[in-house]
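Taking it in order: structure first as structure tokens, then the write-up.
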Protein chains: 2
Amino acid sequence: MTETGRVRAVEASGLLADSIRASGLKVTGPRLAVLRVLDQAPHSTAERLYATVRAELPGTSLQAVYGVLAAFTGAGIARKIEPAGSPALFERRVGDNHHHIVCTRCSAVHDVDCAVGESPCLTPSNTSGFTVQTAEVTYWGLCPDCQTSTLTALSTPAPLSNEGAQ
Amino acid sequence: MTETGRVRAVEASGLLADSIRASGLKVTGPRLAVLRVLDQAPHSTAERLYATVRAELPGTSLQAVYGVLAAFTGAGIARKIEPAGSPALFERRVGDNHHHIVCTRCSAVHDVDCAVGESPCLTPSNTSGFTVQTAEVTYWGLCPDCQTSTLTALSTPAPLSNEGAQ
DNA sequence: CAGTTGTTTTGAATTACTCAAAACAATTGG
DNA sequence: CCAATTGTTTTGAGTAATTCAAAACAACTG
């Protein structure tokens with residue numbers, strides 16, 4: 001039998017478990033594992049989370065990871081972001097509507113606090129009659145590493161994989 | 001033989017043809033057709049463009065449409081946008097970095113001019129060392145139609161299809 | 001109008017994700 | 001602490017959107 005199964009007593013209590021329980025979800029092995037990894041590696045893809053989770057909980061399936069992520073985002077304890085050209089990324093930081101900056105070369109992602117308090121970037125000029133609920137901002141540019149390695153223009157190509165993303 | 005083939009003399013000149021030629025691309029039937037449809041229906045998916053293009057140029061393949069769109073975006077005469085949860089959308093309006101507002105209920109898309117000139121929303125507070133090239137803003141909310149039909153809460157569900165998108 | 005280059009067709013493959021049924025485990029309450 | 005209930009995960013399959021590659025073909029060049 002694999003490591004999938006009953007949640008270890010040690011893990012039934014703790015901050016991660018509390019966070020899951022508090023949102024009205026059952027505490028399970030896959031959920032604890034996904035939440036822990038998400039904490040260590042924000043802006044991870046489902047696939048990447050799966051790879052890491054498997055290391056500590058080998059019986060876990062990819063579909064379970066998708067299920068866990070859907071439950072988490074539905075319950076509001078995780079957030080899904082979908083930058084153009086990238087598979088969906090997930091993060092624990094929720095509630096504040098922060099934004100993201102994505103490296104156009106290596107796809108690394110960092111958080112960016114809302115530029116100007118809240119107002120200007122949340123208030124479009126012409127809404128065409130739309131009721132605005134949220135404003136999502138994605139900055140695109142070069143990360144520090146790629147700035148230097150682009151000058152030294154010999155290096156490796158790494159477009160749009162999630163390698164090195166954080 | 002299908003309508004695919006040599007570009008009709010009538011169409012070899014004209015604004016659309018000029019725009020294609022000016023960007024260094026050859027003028028072809030599928031390109032003229034895609035560009036014309038894109039003009040009439042901005043924020044269309046490849047699939048939707050394909051459906052419309054086929055009506056006037058039956059031999060056209062879906063892959064050709066993808067190829068045309070890749071050529072156009074590469075040449076800078078079309079822009080690709082990828083709102084979360086939606087297939088890619090295309091538009092002719094390029095050069096100005098305008099933004100978009102997407103209806104969370106019916107996925108209709110409208111253009112939004114940059115909120116505050118250019119500066120505030122292009123200047124994130126903490127760039128983490130990134131060099132910012134562009135800022136992409138997506139507003140989410142309810143379009144006029146969905147505002148009313150949500151009040152009259154009996155109506156049809158239409159989440160995330162491109163129906164009614166403009 | 002022939003040659004060259006670039007484009008489109010045809011056919012297949014891939015990525016990221018979703019769906020459904022059955023097996024199974026976490027909570028509830030006896 | 002055990003049984004019932006409810007919710008979760010596994011297993012297996014399917015789908016949407018997009019990409020890749022080779023061969024056929026058409027647009028521009030001289």
Side-chain angles (χ1 to χ4, degrees), chain A residues 1-9 11-13 17 20-21 23-34 44-51 53-54 57-75 80 82-90 159-162, chain B residues 1-9 11-13 17 20-21 23-34 44-51 53-54 57-75 80 82-90 159-162:
Chain A
M1 191 191 258
T2 66
E3 270 306 325
T4 314
R6 184 161 281 106
V7 165
R8 281 181 293 159
E11 300 196 315
S13 64
I20 295 169
R21 225 184 322 264
S23 70
L25 297 169
K26 289 183 179 173
V27 176
T28 69
R31 285 178 178 174
L32 285 165
V34 168
S44 291
T45 60
E47 199 75 44
R48 176 179 269 277
L49 290 166
Y50 170 61
V53 163
R54 283 211 112 184
L57 205 61
T60 313
S61 68
L62 176 59
Q63 287 81 342
V65 173
Y66 275 108
V68 167
L69 291 170
F72 283 1
T73 52
K80 180 185 192 177
E82 294 173 77
S86 162
L89 307 177
F90 297 86
L160 288 180
S161 81
N162 196 231
Chain B
M1 190 192 258
T2 67
E3 268 307 323
T4 315
R6 184 160 282 105
V7 166
R8 279 182 294 160
E11 299 196 315
S13 64
I20 295 169
R21 224 186 321 266
S23 69
L25 297 170
K26 288 183 179 173
V27 176
T28 69
R31 286 178 178 174
L32 284 167
V34 168
S44 291
T45 61
E47 199 75 44
R48 175 179 272 276
L49 290 166
Y50 170 60
V53 163
R54 282 212 113 182
L57 205 61
T60 313
S61 68
L62 176 58
Q63 287 82 342
V65 172
Y66 275 107
V68 167
L69 291 170
F72 283 180
T73 53
K80 181 186 192 176
E82 294 173 77
S86 160
L89 307 177
F90 298 85
L160 287 182
S161 83
N162 197 231

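A note on names: the letters A, B, ... follow the listed sequences, proteins ahead of strands, and every chain is numbered from 1.
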Nearest to side-chain heavy atoms of [X], which nucleotide of [options]:
| X | options | value |
| --- | --- | --- |
| Gln63(B) | dG11(C), dT11(D), dT8(C) | dG11(C) |
| Val27(A) | dT27(C), dA16(C), dT10(D) | dT27(C) |
| Val7(A) | dT10(C), dT8(D), dA26(C) | dA26(C) |
| Pro87(A) | dT10(D), dA16(C), dC28(D) | dA16(C) |
| Tyr66(B) | dT10(D), dA17(D), dA27(D) | dA17(D) |
| Ala64(A) | dA26(C), dT9(C), dT10(D) | dT10(D) |

Spacing between [X] atom [atom1] and [N] atom [atom2], to the nearest angstrom:
| X | N | atom1 | atom2 | value |
| --- | --- | --- | --- | --- |
| Tyr50(A) | dA16(C) | OH | C1' | 14 Å |
| Arg8(B) | dA26(D) | CZ | C1' | 16 Å |
| Ile20(B) | dC28(D) | CD1 | P | 9 Å |
| Leu49(B) | dA17(D) | CG | C1' | 14 Å |
| Glu11(A) | dT27(C) | CD | P | 13 Å |
| Arg48(A) | dC17(C) | CZ | C1' | 19 Å |
| Leu69(A) | dT8(D) | CG | P | 14 Å |
| Glu82(A) | dT18(D) | CD | P | 13 Å |

On DNA chain D, compare the nucleotides closest to Arg21(B) and Leu62(B); which residue's is nearer the 5' end?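 Closer to the 5' end of DNA chain D: Leu62(B).
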
Residue pair Lys26(A), Arg31(A): steps toward the side chain to side chain contact (heavy atoms under 4.5 Å, CB included) verdict: CA-CA 9 Å; Lys26(A) 289 183 179 173; Arg31(A) 285 178 178 174; 4.1 Å; yes

Over all strands shown, is [X] touching base, sugar-phosphate only, or nothing at heavy-atom distances under 4.0 angstrom?
| X | answer |
| --- | --- |
| Thr28(A) | sugar-phosphate |
| Ala71(B) | nothing |
| Leu25(A) | sugar-phosphate |
| Ala12(A) | nothing |

OP1 or OP2 of dG7(D) under 4.0 Å from side-chain N/O of Arg31(A):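 It does not, given that no N or O in the side chain of Arg31(A) lies less than 4.0 Å from OP1 or OP2 of dG7(D).
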
Supply the atom-to-atom distance Arg21(A) CZ to Ser13(A) OG, rounded to the nearest 0.5 angstrom. 7.5 Å

Which distance, rounded to the nearest 0.5 Å, do you find between the CG of Leu49(A) and the OG1 of Thr60(A)? 11.5 Å

Of all the heavy-atom pairs spanning Ala17(B) and Glu11(B), show the shortest one and how long it is.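 Taking every non-hydrogen atom into account, CB-O, 3.4 Å.
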
Determine, stepwise, if the pair Tyr50(B) / Thr45(B) fulfils side chain to side chain contact (heavy atoms under 4.5 Å, CB included). CA-CA 8 Å; Tyr50(B) 170 60; Thr45(B) 61; over 6 Å; no

